[in-house]
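Atoms considered below: every heavy atom in the structure, side chains included; atoms not considered: hydrogens, waters and symmetry mates. First listed ligand is number 1; within each ligand, the first listed atom is number 1.
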Amino acid sequence: MFELKILTRFAAAHQLRMVGQKCENLHGHNWKVEVCVGGEHLNEAGVLMDFGDVKRHVADIIREIDHKFLNELEFFQRVEQPSSERIAVHIAQELQKRLDTPGVRVTRVSAWESDDACATYILP
Ligand SMILES: Nc1nc2c(c(=O)[nH]1)N=C([C@H](O)[C@H](O)COP(=O)(O)OP(=O)(O)OP(=O)(O)O)CN2
Ligand SMILES: [Zn+2]
């Protein structure tokens, strides 16, 4: 299997209940996001898919959450709250909908909310 990884960043605000008291206050992070796609077969150019296409799709998704108050966005109102775990799920699901390369799928998304804390969603 081959796996590609691209990195991107966004800034946003959120409030989390139940994680820890200070997280209940409105605050923000500069998230770093790692997105991986995988598949078994390379195309005639010898690549799984173009990094540029992955980056473009991810940029479209990030644009919707960058510099936003995440608690107010529709997706995060449907799930419990905008934790890093939920952010990773959101990006993975949105990217999966956009991928149109046969045999290529999202394998994992990691959302780093600081230099030392990261949540990863690994797709089944
Ligand atoms: N599993 C998760 N735990 C926490 C999340 C999360 O998304 N998933 N989020 C938070 C908060 O966003 C909080 O802002 C970060 O808290 P914390 O890491 O405790 O704060 P610091 O970056 O200041 O780190 P310290 O180690 O406390 O200095 C919390 N938990
Ligand atoms: Zn936070």
Side-chain angles (χ1 to χ4, degrees):
M1 173 162 166
F2 298 94
E3 192 173 64
L4 310 183
K5 181 191 287 185
I6 65 107
L7 303 183
T8 187
R9 289 180 168 75
F10 73 97
H14 72 173
Q15 281 179 292
L16 298 181
R17 300 176 314 276
M18 299 178 297
V19 177
Q21 235 175 350
K22 66 181 178 180
C23 305
E24 297 191 1
N25 299 323
L26 176 61
H27 66 280
H29 299 277
N30 292 311
W31 271 275
K32 182 175 93 172
V33 179
E34 302 180 358
V35 177
C36 295
V37 300
E40 295 291 341
H41 304 291
L42 303 185
N43 65 17
E44 58 286 355
V47 302
L48 187 66
M49 69 177 285
D50 191 329
F51 282 127
D53 290 334
V54 186
K55 288 180 184 175
R56 266 187 293 281
H57 288 311
V58 172
D60 290 342
I61 298 162
I62 295 296
R63 198 171 301 117
E64 299 297 319
I65 59 176
D66 189 31
H67 283 75
K68 298 279 171 63
F69 177 34
L70 300 179
N71 298 62
E72 288 180 341
L73 302 184
E74 197 209 327
F75 171 79
F76 297 111
Q77 290 189 340
R78 278 191 272 121
V79 298
E80 297 92 15
Q81 50 184 357
S83 60
S84 289
E85 287 89 332
R86 291 296 187 190
I87 291 168
V89 169
H90 173 65
I91 294 167
Q93 291 178 342
E94 287 300 311
L95 178 59
Q96 190 59 51
K97 283 188 217 164
R98 289 165 165 82
L99 281 185
D100 53 7
T101 306
V104 179
R105 64 180 187 89
V106 182
T107 51
R108 69 182 70 214
V109 174
S110 296
W112 290 84
E113 65 171 37
S114 64
D115 288 342
D116 56 12
C118 166
T120 297
Y121 177 48
I122 301 169
L123 280 83

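- Residue contacts with ligand 1 for L16 involve side-chain atoms from C-beta outward but no N, CA, C or O (heavy atoms, distance under 4.0 Å).
- The heavy atom nearest to atom 17 (P) of ligand 1, considering only R86, K22, E85, is found in K22.
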Tabulate below the donor-acceptor pairs under 3.5 Å that side-chain atoms of residues 46-54 make, not counting sequence neighbours, or state none.
| from | atom 1 | to | atom 2 | distance (Å) |
| --- | --- | --- | --- | --- |
| D50 | OD1 | G52 | N | 2.7 |
| D53 | OD1 | R56 | NH2 | 2.6 |

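- With a 6.0 Å radius and a threshold of 12 heavy atoms from other residues, nucleotides or ligands, N25 has its CG atom above the threshold.
- Considering both main-chain and side-chain atoms, S83 never comes within under 3.5 Å of ligand 1 through any nitrogen or oxygen pair.
- Nearest heavy atoms, A111 versus I87: CB-CG2, 4.4 Å.
- The local environment of NZ in K55 is sparse, with at most 12 non-hydrogen atoms from other residues, nucleotides or ligands closer than 6.0 Å.
- Neither the backbone nor the side chain of A117 comes within contact range of ligand 1; no heavy atom lies under 4.0 Å.
- L95 and W112 end up in different hydrophobic clusters when Ile, Leu, Val, Met, Phe, Trp and Tyr side chains are linked at under 4.5 Å.
- Only protein atoms were considered; those of element N, O or S under 2.8 Å from the Zn ion (ligand 2) number 3.
- Using cut-offs of 30° and 60° on the angle between ring planes, the pair F75 and H90 is tilted.
- By the 4.5 Å heavy-atom criterion applied to side chains, I91 and Y121 are not counted as neighbours.
- A salt bridge links E94 with R98; the closest basic N to acidic carboxylate O contact falls under 4.0 Å.
- In the vicinity of S84, heavy-atom distances shorter than 4.0 Å reach the ligand 1 atoms 6 (C), 7 (O).
- Close approach to H14 involves these atoms of ligand 1, each under 4.0 Å from a residue heavy atom: 12 (O).
- With a 4.5 Å cut-off on side-chain heavy atoms, T107 and M1 count as touching.
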